[in-house]
Amino acid sequence: MLSSDAFGPGPAGDRCPGCHRPLPADARFCAACGTARADLRRPTTAGRKIVTVLFCDLVGSTALSGTLDPEALRGVTLRYFDAMRAAIEEHGGTVEKFVGDAVMAVFGVPSVREDDARRAVAAALGMRAALRALNAELDAELGLRLQVRIGVNTGRVVTGSDASARQALVSGEVVNIAARLEQHAGPGEVLLGPDTVRAAGAGVRSVEVGPLRLKGVAREVLAHRLLGLDRGDPGDTRPDPPFVGRRPELALLETELGKAAERREGRLLVLGGEPGQGKTRLLRHWLERAGGVRFGAGRCRPPGEQAGLQPLADAVASLLERSPGHPHPPGLDVLARGLLADGTPTPSPEDTCAALAEVLGALAGPAPVVLVIDDAHRAAALLLELLERVVAALAGAPVLVVVAGRPELLDVRPAGAHRVSTLGGLPDRDAEELARALAGEVPAHLLERAGGNPLHLEQLLAAPADAAGDGVPLSLQTLIGARLDALDPAERRAVDLACVLGREFAAEELAALADDGADLSAALRRLGRHRLVVADGAAFRFASGVVQEVAYECLSKQGRAERHERAAALRSVRAGGPAAVGGHLERAHRFRAELGRPGEHTEELRRAAAAALAEAGARAAARTDPGWAVDLLTRATGLLRPGEEGRLPAARRLGEALLALGRIEPGRALLAEVAAGADDPVEAAHARLSLAAVGQQQAPAPVARQTLPVFERAGDQLGQARACLRLAQQEQVDGRHAAATRLLARALRHAERSDGEQERASALGAIGVSLWRGPLPAAAAVARCRGLLAAQGPGRRAVPVTLNCPLAVLLALGDDGVGAAACLAEAGRHAERLGYAEAAAFLPLFGATVAALAGRSREALDLLAQASTAAKELGGGALLSSALLDTARLRLDLGERAPARAALAALEEERARTGGRLSFAALAERDGLRARLAAARGDRDGALELARGAVAEAARTDSPILQGLAAADLSRTAALLGLDRERALAADAARSRFAAKGHRPGVRLADSLAGRHHSPREAIS
């Protein structure tokens, strides 16, 4: 068993919650260990915490009542209850109630301890041992023996208190599972829930039972039959994580040891730090690295588990073991009769101190020795006092005493310490190195949550195998929950208020959040000493994200609802925008709804949360952040009911954001719902236009013509920007770039007035396309494009994407391959951060154009294949048609006629699918390529008709590039047919168009066509 002390029955409030010794009625603190009285520490309001629940019931009690006299039965039952209560309370449990022959006990109320699960397991074994002793008496007196079965389960429950009944109150599924486990146990068996086994740590010997189907529990439970419990600290067997960093701390230890050796004196170093920072690991690594340094180490265990000086006895004993042939001064005999025998200061503290100084001085000799007392926050006051006196008495003896413990040790540190140091979290670089060593990768969100605490990081990385429902490993929940329950009321109140605000907060925010406006600055300073919060200038932050998460999970849902509602009104939260306000209101509503508290106030919270989230979602969409917009708008629409004000705009924006992320089907479904509604014609117009953009129902340009008057009448600047943009894009497709530019200028004005960043970026990108394809010479177009980028790009997320792509092509026209590559890389970096699905199609499309202009045809074809695949996933349309046309041209230029024909056939299929016509530009390109294929087949008349028709179609546009390509296709067709004069004239015409644009690769192509009758590749094929 964990405890060597046994006490008789008595109310839980009359015992120390730490060491379980009896307390006088008027005692506020335990005289033995200093722990606050249980009823002083009892929570006064409902909360949620990790506890372990134990159920024990008699087997065959009904038959027993038929064989015993009622008075005798009552006496047996009371003796049984007394024995069970004593075993439970001996291990720190609280008996909640007796029901019939059953006993229910809770470990973790009134205060959570990190080893509650282990205590409960030990209590179960103690109850069986107590029953064996009772049975020996009952057998001798009455000729009967009792049998029990026990179930133990660990998890989060809701707790409260009933001061009049002096009973802890817990509720939740954890309690039900513990009761069902007890019912499934056989006579004499103890069944443990899986989380109990996990939380109890190493040393629990058990075998799996099940999985069990328990009444009232939806999931199967994998139970464990308890076999035994090994004595010792469960952390002793946990393998050490890799050691990283800690160079300043190692240097400090070396310095203190050096001073002890140089000055030949005793020195006392106090090393504090929150759990998991690696104090023990640091000391172990230092001593291993030190090599020949002799040392002894002892660890303080929870009160009641060992004599007050036992850690010092263990340290001295291990030092003696590491000192073969050590001297035997008289003081050693004194220690052998007291300290080393039973951990007591026999014959007196003074004699023990003198003997220790003598023995340590003899052991040190010329070389220094080290004594380590770990977990000293549990140390008895006598132990710390004795260490001070021993160190002071070590004149001429080089001994370094290191006392390590949690932050509370720093509040009562030995006054004679020569150095006090606090071990903080690992720096970011060291934390990343540890994460890589543990998991082979560096998950940034886990690094942030761990806050540099090695244990927190290690446990979070292992969370898939050890995670509770809220995502924090059970081991961390119990560890941090115990620290929180040890806080004084003001400190705990500060934590409970702050955790609602998140990882960072300010003192004045807590005062505003508190219902009485209390100033909690002093409590925050104490929390800083506990290393639960860290001061960051005028603000504060939790030492790690996990501390904040566990503190939040410990709040009752009613408390969360009230505080989130108040938080939404804080000036600092309102300054964070509608997303921050909406988040608090949303949670306030959710918790009230989960508690079954309908009513007008709950409805007001729902509507207010939805409005704030919808506003934030609209802003995120306007600021080209579709991922954030989807999150916010999904939450907003989830709160709004059909027909409720604000739902249609939120649903429409959500549908558009889903389309932007490539989630086509759910986006279309939402937009179709909005488009079908007659209540809001403006929202319906927006939805129809967005649907048309992804090839749904109608082509974009006709829908834009229909909806533009709707937007104009409503004064909807964003709608006008979108409609003008779609009309301009149709003009571009038709090759009329001057007309497109006029519409784009109008679209840009409307976008600027509506603060629509996505529409602004789209309009600017389309202007860039017209600068590339239109009549302005390339050099002037480059200057214009760069001017737009300089004026419109800074501070905007999408503009560098949409403008850098056409700028890259313009630079490639002038043979600036390095500049073109840089522009494409810049566009790619920005696009990756934005997350727009359409970028997967248009980025490789522009990249293919640049590669083709540089003569890298195979690279261009690979990029076009990527663009085609992405465009199909997005619903096809103009992007897919452009990719297919470019693919057909490249294949034909390479002499690959069959793949070129296949690409042209796919283009026709896409046109038939969408039901639209081919534009002048597309007709010119398609027919020029078809002419070359016909000429290769020997179809002279068909080829010439197609090629001359392509030139005529191109002439209807104002694109010199398109006109040059059509003339070049005619030249190649004529060459295949042996029409030398027409070949030369067409080549000259192509050169003129390309030269006017500043299209250097095109000029070289035209010169090549003018100097020979046919392409070598076409001749070979």
Side-chain angles (χ1 to χ4, degrees), residues 733-735 852 857 860-861 864 868 880-913 916-957 959-994 1001-1002 1005-1021:
V733 167
D734 282 335
S857 299
L861 284 170
L864 287 170
S868 297
L880 179 58
S881 296
S882 295
L884 291 171
L885 269 174
D886 289 351
T887 298
R889 180 170 294 282
L890 276 173
R891 291 292 188 187
L892 192 54
D893 288 350
L894 290 170
E896 300 171 359
R897 292 175 185 150
R901 283 193 291 269
L904 290 174
L907 176 66
E908 289 301 312
E909 291 175 3
E910 177 64 12
R911 182 192 63 78
R913 185 187 70 81
R917 66 170 179 84
L918 283 180
S919 66
F920 307 140
L923 279 172
E925 285 211 64
R926 183 201 67 177
D927 288 351
L929 297 175
R930 290 172 63 192
R932 292 165 60 183
L933 289 168
R937 295 195 306 269
D939 183 1
R940 174 189 175 95
D941 294 339
L944 286 174
E945 182 180 357
L946 285 168
R948 291 166 181 165
V951 170
E953 289 291 340
R956 300 174 66 180
T957 76
S959 172
I961 293 178
L962 184 62
Q963 293 166 1
L965 286 173
D969 286 337
L970 175 58
S971 180
R972 283 172 155 167
T973 300
L976 287 168
L977 296 173
L979 303 175
D980 189 59
R981 183 172 180 276
E982 189 159 4
R983 171 192 60 76
L985 289 172
D988 289 343
R991 191 185 196 287
S992 174
R993 303 299 187 276
F994 288 138
L1005 171 63
D1007 287 342
S1008 172
L1009 293 173
R1012 52 187 171 81
H1013 292 286
H1014 50 73
S1015 164
R1017 286 188 182 274
E1018 290 180 340
I1020 291 172
S1021 60

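Heavy atoms only: backbone and side chains are in, while hydrogens, waters and symmetry mates are out.
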Residues forming a side chain to side chain contact (heavy atoms under 4.5 Å, CB included) with [X], sequence neighbours excluded:
X	answer
A943	A934, A935, T973, L977
S882	L845
P1001	D815, L853, H999, R1004
A860	A848, A851, A852, L890

For residues 921-930, run the donor-acceptor check on the side chains, cut-off 3.5 Å, and write out each pair with its distance to 0.1 Å, sequence neighbours left out.
residue : atom : partner : partner atom : Å
R926    : NH1  : E908    : OE2          : 2.9
D927    : OD1  : R930    : NH1          : 3.4

Please round to the nearest 0.5 Å and tell me the distance separating atom [atom1] of [X] and atom [atom2] of [Y].
X	Y	atom1	atom2	result
T887	L861	OG1	CG	6.5 Å
L965	L970	CG	CG	12.5 Å
L864	R889	CG	CZ	12.5 Å
L946	D941	CG	CG	11.0 Å
L892	D969	CG	CG	8.0 Å

Using the side chain to side chain contact (heavy atoms under 4.5 Å, CB included) rule, take D893 and R972 through it: C-alpha gap first, then chi angles, then the decisive distance, then the call. CA-CA 10 Å; D893 288 350; R972 283 172 155 167; 2.8 Å; yes

Please confirm whether the backbone N or O of A967 pairs with a side-chain atom of S971, one donor and one acceptor, at under 3.5 Å? no

Taking all non-hydrogen atoms of both residues into account, name the closest pair between [X] and [Y] and its distance.
X	Y	result
L962	A954	O-CB, 4.0 Å
R983	G1011	NH1-N, 4.2 Å
A990	G964	CB-O, 3.5 Å
Q963	T957	NE2-O, 2.9 Å

Name all pairs fulfilling the salt bridge (Lys or Arg N to Asp or Glu O under 4.0 Å) condition that reach into residues 943-955, sequence neighbours left out, sorted by first residue then second. R948-E982, E953-R956

